[in-house]
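In what follows, every chain begins at residue 1, and chains take the letters A, B, ... in the order their sequences are listed. These numbers were taken from a predicted model, which means no experiment stands behind them.
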Number of protein chains: 2
Amino acid sequence: MESVICTVDVVLLTLRAGSLQVALYMRDKAPFQGAWALPGGYVHVEADEDAEQAAARVLHEKTGIVSPYLEQLATFSGRARDPRGWSVSISYYALVPVKVIEQAERSDLKLVGVEQLKSLPFDHLQIIHAALERVRSKSTYSSLPVYLCNEQFTLPQLQTVYETLLNEPINKVSFRRKMDELGILEPVIGAVETGKANRPAQYYRVKAQFRHTLSQSGRGLNPGS
Amino acid sequence: MESVICTVDVVLLTLRAGSLQVALYMRDKAPFQGAWALPGGYVHVEADEDAEQAAARVLHEKTGIVSPYLEQLATFSGRARDPRGWSVSISYYALVPVKVIEQAERSDLKLVGVEQLKSLPFDHLQIIHAALERVRSKSTYSSLPVYLCNEQFTLPQLQTVYETLLNEPINKVSFRRKMDELGILEPVIGAVETGKANRPAQYYRVKAQFRHTLSQSGRGLNPGS
DNA sequence: CAAATAGTGTCTATAAGACATTATTGG
DNA sequence: CCAATAATGTCTTATAGACACTATTTG
């Protein structure tokens, strides 16, 4: 039995300038050396306990970033997707606030709006599309998008994040009702967003008990108004 | 770089005697020879175009079954899950009506109620639990459960399938309203379920246009009544 | 015609959306 | 005081569930 090439890839997503962007890494080795692609690499059976740890290691090595949210997306495989031979890519996706990527200051890393993507090596375009579908789907019924926000954020900011992801307006009253029902946010006492010529918005943060176990919920968030 | 063991496993589910059951295969090779486990095997880079085809091939070889519905579940990986070494299991799940399994007549295959499962080789128990979670989750908002029915079925039968999967009663009026809205079923003209001392139930089937592209939908099916 | 369950009409309860009003800031 | 938008109250609409009633069969 021939050997299978076993790799991991990470779709690192963030929100910048009101658009959803994906981090691309300039490949320093063949194949596709010099091309922009998803940060990815071989599973190291000596170093990695499992594929998720491999993804976290690869993400850190290629971008300097440690993402609190890293979830398996799907596995892409086959004879045709990699010129080196029959390969498996166990793919993950991660969400971080844009400042985490900017602070990394990697010249071999760039952010591209997901609408601007043209062609990419391997089947990375397909992987990214799968990640977008997953994130958008999960955003309709979960608190996943808070991973795109800084530690403190206002409800209007968070609503804009949801609206950008889902690409449709959300009813303000319903949104705030839903966030209240989820019960995962708490106001930061005394912290308000000042400087604008209007009533200041209250800052919120994720309650400590949910800080590392977010995601799911009961019913959904729906567009409207 | 050491090599990774690359396998596929299939969680084949069916409904028998009102309980959700999983097909187990008696392993004919080490490790765990003679133990009941998920049907699974190596990816064959010569024969398989991709992992899904490998899963379909393995399912057919070990059970004689070809499942119309076969979807990737998740990939399980790591150093500890297989005594042979660092391994990857790209796992799939399939749903078939029980008669498909019975007609296969394999003595090395058995059905076990998902509540009766004790311990299994590898991390197969974990894989099955992930499949159950996925199927139950999808059943709340999709037509997935029709894959557990025969080609023709009555609405009361289909409702019972949903109720068994979700393990809770469903409001009859809401259920039928939802099935009507989904628009994927059509009555089989003239076909009714006779023999019982009550009004006969109309037989339905999946419309031809949806026969090989089922699954998703708009809003959900909720318990009640 | 009695028992059983399929199938449907309709009222009630709950959740989501529309809209309006008040609150609080900077200039 | 005006413009801007945060925050909230409340009415309307849409969806889900409860319940009852009719339909059709077997024995």
Side-chain angles (χ1 to χ4, degrees), chain A residues 18 139-143 149-150 152-164 166-183 185-205 216-225, chain B residues 18 139-143 149-150 152-164 166-183 185-205 216-225:
Chain A
S139 296
T140 63
Y141 63 89
S142 83
S143 56
C149 293
N150 292 323
Q152 294 189 14
F153 48 86
T154 69
L155 288 183
Q157 283 169 4
L158 183 60
Q159 181 171 349
T160 300
V161 170
Y162 273 88
E163 288 174 335
T164 303
L166 301 176
N167 199 34
E168 54 190 6
I170 298 174
N171 180 287
K172 182 169 62 161
V173 178
S174 299
F175 179 78
R176 299 173 84 102
R177 238 185 332 229
K178 191 57 63 182
M179 284 301 137
D180 187 49
E181 285 165 14
L182 286 182
L185 303 183
E186 63 184 6
V188 183
I189 308 299
V192 290
E193 182 192 39
T194 55
K196 294 201 293 182
N198 53 38
R199 175 172 174 177
Q202 173 68 50
Y203 274 116
Y204 286 80
R205 67 181 165 215
Q216 56 127 36
S217 100
R219 288 217 170 62
L221 265 163
N222 297 302
S225 190
Chain B
S139 296
T140 62
Y141 63 88
S142 84
S143 57
C149 293
N150 292 324
Q152 295 190 11
F153 48 86
T154 69
L155 289 181
Q157 282 169 3
L158 183 60
Q159 181 170 349
T160 301
V161 169
Y162 273 88
E163 289 174 336
T164 303
L166 301 175
N167 201 33
E168 54 190 5
I170 297 175
N171 181 286
K172 181 172 59 162
V173 178
S174 300
F175 179 79
R176 299 173 83 102
R177 233 181 343 225
K178 189 58 64 181
M179 284 300 136
D180 187 49
E181 285 165 14
L182 286 183
L185 303 184
E186 63 184 6
V188 182
I189 309 299
V192 289
E193 182 193 38
T194 55
K196 294 202 291 182
N198 54 39
R199 175 173 175 176
Q202 174 67 50
Y203 273 116
Y204 287 80
R205 67 180 165 216
Q216 56 129 29
S217 101
R219 287 220 168 61
L221 266 162
N222 296 301
S225 189

* Asked: Closest to the A/Arg177 side chain: D/dC19, C/dG17, D/dA16?
  -> C/dG17
* Selected nucleotide, minimal atom distance to B/Val173 side chain, candidates D/dT10, D/dG17, D/dC19 -> D/dC19
* For atom CD1 of A/Ile170 and atom P of C/dA16, their distance in whole Å -> 12 Å
* Asked: When the distance from CZ of A/Phe153 to C1' of D/dA6 is rounded to whole Å, what number comes out?
  -> 16 Å
Write down the protein N/O and nucleotide N/O pairs, taken from nucleotides 3-7 of chain C, whose separation is under 3.5 Å; answer none if there are no such pairs.
unit_1, atom_1, unit_2, atom_2, d
C/dA4, N3, B/Ala197, O, 3.1
C/dT5, O4', B/Asn198, ND2, 2.7
C/dA6, O4', B/Arg199, O, 3.3
C/dG7, OP1, B/Gln202, N, 2.6
C/dG7, OP2, B/Arg176, NH1, 3.4
C/dG7, OP2, B/Arg176, NH2, 2.8
C/dG7, O5', B/Arg176, NH2, 3.0
C/dG7, N7, B/Lys172, NZ, 2.7
C/dG7, O6, B/Lys172, NZ, 3.3

* Asked: How long is the line joining CZ of B/Phe175 and P of D/dT15, in whole Å?
  -> 19 Å
* Atom-to-atom span, CG of A/Asn171 to P of D/dT13 - whole angstrom -> 15 Å
* For B/Phe153 and B/Thr160, run side-chain contact (heavy atoms from CB on, under 4.5 Å): C-alpha distance rounded to whole Å, both residues' side-chain angles, the deciding distance at 0.1 Å, then the answer. => CA-CA 11 Å; B/Phe153 48 86; B/Thr160 301; over 6 Å; no
* Could you grab the distance from atom OH of B/Tyr203 to atom CD of B/Gln157, nearest 0.5 Å is fine? => 5.5 Å
* Structure fact -> Separation between CG (A/Leu158) and CZ (A/Arg176), nearest 0.5 Å, reads 10.0 Å
* Apply the test side-chain contact (heavy atoms from CB on, under 4.5 Å) to residues A/Lys178 and A/Tyr162: give CA-CA distance (whole Å), side-chain angles for both, the deciding distance (0.1 Å), then the verdict. => CA-CA 12 Å; A/Lys178 191 57 63 182; A/Tyr162 273 88; over 6 Å; no
* Roughly how many Å is it from CD in A/Gln159 to C1' in D/dA7, rounded to a whole number? -> 12 Å
* **Closest approach of A/Leu155 to A/Phe175 (non-hydrogen atoms, all atoms of both residues)** => O-CE2, 3.8 Å
* Asked: So how far is it from A/Lys172 NZ to A/Glu163 CD, rounded to the nearest 0.5 Å?
  -> 11.0 Å
* In whole angstrom, what separates A/Glu181's CD from C/dG17's C1'? -> 14 Å
* **Euclidean distance, atom CG of residue A/Asp180 to atom C1' of C/dA15 [Å, nearest integer]** => 14 Å
* To do: Starting at atom CG of B/Leu182, determine the distance to atom P of D/dT15, rounded to an integer number of angstrom.
  => 13 Å
